[in-house]
Protein chains: 2
Amino acid sequence: MSDAEHVSIWMRPERPARGPKPAYSRARITEAAVRIADAEGLEAATMRRIAADIGAGAMSLYRYVPSRDDLIQLMADRLMGEIDVEGMPSGDWRADLVRYADGLRAMWLRHPWIATANRALLGFGPNQLRLIEAVMGVLDPHLPIDENLGLMAVLHGYVEGAARDEVGWIEEVRRSGVGEDEWLARSRPYLRHLLESGEYPVFSRIALEANRPRMSRDQQFRYGLERVLDCIATSLPASLPPALPPG
Amino acid sequence: MSDAEHVSIWMRPERPARGPKPAYSRARITEAAVRIADAEGLEAATMRRIAADIGAGAMSLYRYVPSRDDLIQLMADRLMGEIDVEGMPSGDWRADLVRYADGLRAMWLRHPWIATANRALLGFGPNQLRLIEAVMGVLDPHLPIDENLGLMAVLHGYVEGAARDEVGWIEEVRRSGVGEDEWLARSRPYLRHLLESGEYPVFSRIALEANRPRMSRDQQFRYGLERVLDCIATSLPASLPPALPPG
DNA sequence: CACGACTGGGTACGTTGTACGCGGTCATGA
DNA sequence: TCATGACCGCGTACAACGTACCCAGTCGTG
């Protein structure tokens with residue numbers, strides 16, 4: 001009953017006052033879990049597997065973490081720590097936001113399983129809070145907090161949506177167990193059926209364009225990002241926007 | 001071996017040619033699964049539970065659906081069918097996109113569990129394809145397909161990101177088992193700790209603003225949406241944009 | 001009318017998260 | 001100094017899950 005009061009992992013202290021020295025730590029457990037999830041997906045990071053990885057018994061993990069769900073929250077916050085926002089209100093708001101967007105997307109591509117960790121986004125862990133301070137601090141001097149929140153929703157939504165698309169494809173192929181080429185080959189009959197039905201002209205155009213892509217994935221991402229930043233620029237007051245980017 | 005070739009549920013025909021009349025159908029199973037997920041979350045929609053709901057034995061479902069993952073894909077596409085895009089290239093591109101955005105967000109709020117269905121977005125089911133045709137058809141006459149895709153990524157990313165935030169909160173409270181007020185009350189000590197530490201000034205500003213919100217959730221969503229649409233408007237050629245919306 | 005492709009569904013297996021309880025350890029208060 | 005009890009690691013156990021396998025019954029087709 002006393003433990004049930006903690007509604008979030010961040011409210012529960014890792015170390016109690018008394019007792020013998022613990023052999024592991026939340027950080028070590030989280031590290032192992034992230035390593036496994038990177039290599040084989042989040043579903044492979046079971047409690048037993050993580051415990052075996054650090055040489056512990058399965059149930060020992062529950063001395064450090066109340067549930068697997070909370071552990072995943074710890075993992076997500078650890079990932080947020082990888083994003084470099086050092087010295088972030090630098091004066092050039094556009095450069096700052098590009099750096100944040102690129103860093104966030106790169107982190108997603110390094111850890112595709114983050115897309116399946118649903119509670120990753122709202123848990124106010126320390127790294128998440130650090131990101132909020134740094135990134136929202138960029139526009140904070142120029143905008144009321146309401147508008148800042150709205151514009152960040154647009155930026156963050158774009159980056160995460162784009163990353164989710166890329167990563168979803170990666171995970172789809174990984175989960176199917178066959179290689180990317182094989183996956184494409186097996187999908188071809190259905191694709192052909194869609195194209196030949198003639199009912200999906202726009203989709204057909206997309207599919208045919210995708211066969212000879214004129215923009216790399218990075219370029220596609222950058223195109224949309226610059227569009228979002230242009231949008232943000234028009235919402236700023238009479239500040240000096242940096243000239244259009246070198247694109 | 002012959003079945004394993006189907007890499008997607010949409011490539012697998014529901015009805016084979018011969019044999020006795022089946023008692024159920026994919027549509028009926030999907031309907032029951034959606035109803036359960038709406039009421040108790042996606043994790044409550046287990047195979048046994050769904051089967052019991054329609055009066056079938058647990059294993060009978062596998063005559064219609066190869067796996068639970070594929071069933072979830074069917075559920076997701078069924079949800080896409082709820083979004084009204086009738087007669088969608090209507091001539092007023094801005095009104096069309098607002099209608100789509102509102103419909104998508106409303107659908108998410110009706111079915112919060114969609115946030116946890118990770119493969120929902122890439123499975124080219126019939127309703128998904130119908131959406132693509134209608135929504136991308138709106139800007140298709142005015143833009144090359146590449147730019148259309150880029151702008152749709154911005155729009156879709158914003159709507160889905162905003163919906164995901166709202167829904168994540170709803171699901172967080174639901175999963176905690178306690179009511180919303182109780183959840184807030186239990187989080188207050190941690191929030192107070194964050195505020196009093198003085199390390200998170202921007203976050204503090206957000207938290208204090210949230211105590212006396214000047215915009216409803218709907219209004220917040222609309223603010224960002226209009227911003228995104230403004231952004232899209234500047235990317236259109238010399239077409240006639242409708243005047244700024246009644247906001 | 002016999003065949004065999006199909007049906008619904010019961011049984012069973014492997015894996016999961018985790019509740020519970022054991023014997024050992026160590027900071028603390030008498 | 002030493003007994004106390006809070007904490008440790010962890011083995012056992014259980015309920016619930018997805019689903020492989022098998023069976024007897026059904027029905028379109030030769």
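Protein chains get the first letters and strands the later ones, always in sequence-line order, with residue 1 at the start of each.
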Mind telling me whether A:Tyr158 and A:Phe221 have parallel, tilted or perpendicular rings, with 30° and 60° as the class edges? parallel
Checking all strands, does A:Ser60 fall into the base, sugar-phosphate, or nothing category for heavy-atom contacts under 4.0 angstrom? base
At under 4.0 Å between heavy atoms, what does B:Ala58 touch on the DNA or RNA strands: base, sugar-phosphate, or nothing? nothing
Short N-O contact, B:Glu166 and B:Arg105, less than 4.0 angstrom: yes
For D:dC10 and A:Tyr24 - does any side-chain N or O of the residue sit under 4.0 Å from the phosphate oxygens OP1/OP2? yes
For D:dG18 and B:Arg68 - does any side-chain N or O of the residue sit under 4.0 Å from the phosphate oxygens OP1/OP2? yes
Applying side chain to side chain contact (heavy atoms under 4.5 Å, CB included), can you list everything that pairs with A:Pro22, at least two apart in sequence or on another chain? A:Arg15, A:Tyr64
Euclidean distance, atom [atom1] of residue [X] to atom [atom2] of [N] [Å, nearest integer]:
X       : N      : atom1 : atom2 : result
B:Leu71 : D:dG18 : CG    : P     : 10 Å
B:Met47 : C:dC13 : CE    : P     : 21 Å
A:Lys21 : C:dC26 : NZ    : P     : 8 Å
B:Asp70 : D:dG18 : CG    : P     : 13 Å
A:Tyr62 : D:dT12 : OH    : C1'   : 15 Å
A:Ile50 : D:dC10 : CD1   : P     : 15 Å
B:Arg48 : D:dA16 : CZ    : P     : 10 Å
A:Leu42 : C:dG17 : CG    : P     : 10 Å

Taking the minimum atom-to-atom distance to the side chain of A:Arg63, which one of C:dG17, C:dG8, D:dC8 wins? D:dC8
Distance-only, no hydrogens or angles: does the B:Arg164 side chain make a donor-acceptor pair with backbone N or O of B:Ala115 under 3.5 Å? yes
Ring centers of B:Trp108, B:Trp113 separated by less than 6.0 Å: no
A:Tyr64 vs B:Met59, nearer the 5' end of DNA chain D by closest nucleotide: A:Tyr64
